[in-house]
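Presented below is the structure to which this report refers.
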Amino acid sequence: MCSFIGDERGATEPYTDLPALGIVAVGLILFSFLLFSAYSSYASSAYYAGVRGDLRNMARTAACDPRICDSTGVLDARMLDNASRDLNYAYPGSVVQVTVKAPEHDWQIGPGSRGRSASYALPVSVKLNDARCLAGTLTVTMWEG
């Protein structure tokens, strides 16, 4: 038995390479995950950079739309209630949703979607009635089609 343990002629066990192969496989999986994460982050940034100007223009247009805004440039809650069923903002190849949020009130115009999206928000005023006006935000969200 002593000659078997003390023999150093280069005989290896058949399974000594498995731990090394396991470490290499884990390393490759981590590397591919990091590479995919970096690409996904870049693609999201590139999408937002491409549509940022369009989102800003759509938000400004929606904030001044006479179908939801009165003559003073303030969004009207009654018009928003009616418009949330009738209005639809469109952008070629994308799904667009306009959301107006004020304390304890919110309105959504257009369908929502899933996937990569970009948003732009503007501060607006929402008139609930002749005596009450609230500060809120108008957000335009665009999903890649």
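Residues take their numbers from the sequence shown, with the count starting at 1. In what follows, every heavy atom counts, from backbone to side chain, and hydrogens, waters and symmetry copies are set aside.
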Can any side-chain N or O of [X] pair as donor or acceptor with the backbone N or O of [Y] at less than 3.5 Å?
X	Y	answer
Ser40	Phe36	no
Trp143	Ser113	yes
Asn129	Arg132	yes
Ser41	Ser37	no

Separation of [Y] [atom2] from [X] [atom1] (nearest 0.5 Å):
X	Y	atom1	atom2	answer
Trp107	Met79	CH2	CE	13.0 Å
Met58	Asp65	CE	CG	12.0 Å
Ser119	Arg52	OG	CZ	14.0 Å
Lys127	Arg78	NZ	CZ	6.5 Å
Asp106	Thr99	CG	OG1	8.0 Å
Arg67	Asn82	CZ	CG	12.5 Å

Neighbour count above 12 (heavy atom, 6.0 Å) for Arg56 CZ: yes
Taking C-beta and beyond as the side chain, do [X] and [Y] meet within less than 4.5 Å on heavy atoms?
X	Y	answer
Thr137	Leu122	no
Val95	Pro111	yes
Ile68	Asp76	no
Lys101	Thr139	no
Cys69	Cys64	no

As a test of understanding, state which of Thr141, Ile109, Leu80 forms a side chain to side chain contact (heavy atoms under 4.5 Å, CB included) with Val98. Ile109
Tell me, with the steps shown, if Leu75 and Leu138 meet side-chain contact (heavy atoms from CB on, under 4.5 Å). CA-CA 10 Å; Leu75 298 178; Leu138 182 141; 4.1 Å; yes
Establish whether Val124 and Val74 are linked, either directly or via other cluster members, by ILVMFWY side-chain heavy-atom contacts under 4.5 Å.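 No; tracing contacts between hydrophobic side chains, which count when under 4.5 Å, never links both residues.
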Hey, can you tell me if Tyr42 and Tyr39 have their rings parallel, tilted or perpendicular (30° and 60° cut-offs)?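 If you compare the ring of Tyr42 with that of Tyr39, the planes turn out tilted.
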Please step through side-chain contact (heavy atoms from CB on, under 4.5 Å) for the pair Leu55 and Tyr48, ending with a clear verdict. CA-CA 9 Å; Leu55 285 170; Tyr48 180 71; 4.3 Å; yes
For Leu134 and Leu128: C-alpha separation, side-chain torsions, deciding distance, then whether side-chain contact (heavy atoms from CB on, under 4.5 Å) applies. CA-CA 7 Å; Leu134 299 174; Leu128 296 179; 3.4 Å; yes
